[in-house]
Number of protein chains: 2
Amino acid sequence: MSKQSLPVVDLQAVACCSPIAVRPMDAEQAAVVAPMFKALGDPIRLRLMSMIASVPEICVCDLTPAFDVSGPTISHHLKVLRETGLVDAERRGTWVWYRVRPEVFRQLGALLDVPAATSADA
Amino acid sequence: MSKQSLPVVDLQAVACCSPIAVRPMDAEQAAVVAPMFKALGDPIRLRLMSMIASVPEICVCDLTPAFDVSGPTISHHLKVLRETGLVDAERRGTWVWYRVRPEVFRQLGALLDVPAATSADA
DNA sequence: ACCCTGTTTCGACGTCTGTCAAGCTAGAGA
DNA sequence: TCTCTAGCTTGACAGACGTCGAAACAGGGT
């Protein structure tokens with residue numbers, strides 16, 4: 001479980017970024033951030049992420065029934081979200097609980113911010 | 001050029017969405033939005049997007065030299081961004097100019113917003 | 001006509017997706 | 001404590017999809 005092996009999401013690299021509508025991203029930043037967007041680029045993972053993000057924490061047993069794919073498939077997708085550092089998992093007794101990593105999630109959102117008066121507003 | 005064939009980005013479906021940290025996304029919303037995140041899920045496309053978003057508009061001739069891949073490859077990635085509806089292209093004389101579609105871009109960012117006091121803050 | 005810019009086509013290669021089967025962990029019952 | 005069962009994850013595989021470049025094509029200037 002990722003409780004004891006939290007993926008090192010070079011938060012520095014993300015946290016120091018301005019919104020992409022403000023300053024172009026360099027290659028290293030892009031290499032760190034792209035996998036996160038990629039992880040959200042699958043409908044199932046996006047829904048998983050939204051289900052996890054909209055509550056403090058949620059049990060896998062509540063996630064799986066919401067989809068038409070098998071348990072292992074959900075587990076695979078959750079693994080992608082975990083390895084990308086977007087979510088954190090913890091086993092408590094029989095069940096595994098997932099929750100978002102707010103710092104990572106927030107930074108990701110910050111990249112897409114559109115500052116009030118940006119040229120992109122044209 | 002996509003000037004005369006702007007991809008219909010069911011903006012309704014996106015615009016009506018709360019941030020995913022507020023309310024889980026249904027399958028249809030996810031199907032519309034996921035391709036956009038997917039488009040940003042490649043380091044080259046992410047950098048292209050950031051270069052385009054950080055200025056009012058930009059010429060392909062300024063984009064291509066910034067990367068170590070061939071012209072056709074850049075063109076491929078730009079096509080993905082175009083077809084996803086994230087950017088718009090227009091030929092003016094010899095060169096093609098790209099610019100973001102602010103509504104789409106803004107809505108995408110809104111999905112990742114973290115409302116001030118959300119449970120995700122735990 | 002010729003050249004330049006950018007896109008498209010096509011093919012090779014790698015990566016991702018989803019299922020089945022097996023493995024592992026935790027709690028329940030004897 | 002030992003075994004049984006449930007819950008999830010991991011491994012291995014086949015099929016689908018994405019990535020990239022060489023070459024061919026179209027649009028525009030001169």
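Residue numbering restarts at 1 for every chain, and letters A, B, ... go by the order of the sequence lines.
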Check your understanding: Just wondering, do B/Val80 and B/Asp42 contact through their side chains at under 4.5 Å, heavy atoms?
Key -> no
Practice item. Could you tell me whether the phosphate oxygens of D/dG18, OP1 or OP2, come under 4.0 Å of any side-chain nitrogen or oxygen in B/Lys38? Key: yes
Exercise for review: Could you check which of C/dG6, D/dC8, C/dT17 has an atom nearest any side-chain atom of A/Asp42?
Suggested key: C/dT17
Revision key, fill the gap. Considering only heavy side-chain atoms of B/Leu78, the closest of D/dT10, C/dT7, D/dG21 is C/dT7
**Study point:** Validation row: B/Leu78, B/Ile52 side chains within 4.5 angstrom (heavy atoms)
**Key:** yes
Review point. Taking all atoms of both residues into account, what is the closest heavy-atom pair of B/Ala66 and B/Met51, and its distance?
Key: CB-CE, 3.8 Å
Check your understanding: What nucleotide, of C/dC16, C/dT7, C/dG6, holds the atom closest to the side chain of B/Cys59?
Key -> C/dG6
Practice item. Answer yes or no: does a side-chain N or O of B/Tyr98 lie under 4.0 Å from OP1 or OP2 of C/dG6? Key: no
Check your understanding: Contact class for B/Arg45 vs. all strands (heavy atom < 4.0 Å): base, sugar-phosphate, or nothing?
Key -> sugar-phosphate
Check your understanding: From the list C/dT17, D/dT9, D/dC20, which nucleotide is the closest neighbour of the side chain of A/Arg82?
Key -> D/dT9
**Study point:** Given C/dT19, C/dT8, D/dC8, the nucleotide with the shortest approach to the side chain of A/Pro72
**Key:** C/dT19
Review point. Base, sugar-phosphate alone, or nothing: which one does B/His76 contact when heavy atoms must sit under 4.0 Å apart?
Key: base
Practice item. Using whole Å, report how far CZ of B/Arg91 lies from P of D/dA26. Key: 13 Å
Review point. For C/dG18, does either OP1 or OP2 sit under 4.0 Å from a side-chain N or O belonging to A/His77?
Key: yes
Revision key, fill the gap. B/Glu90 CD to C/dT5 C1', in whole Å, measures 16 Å
Review point. Would you say D/dG29 has OP1 or OP2 under 4.0 Å from some side-chain N or O of B/Thr94?
Key: no
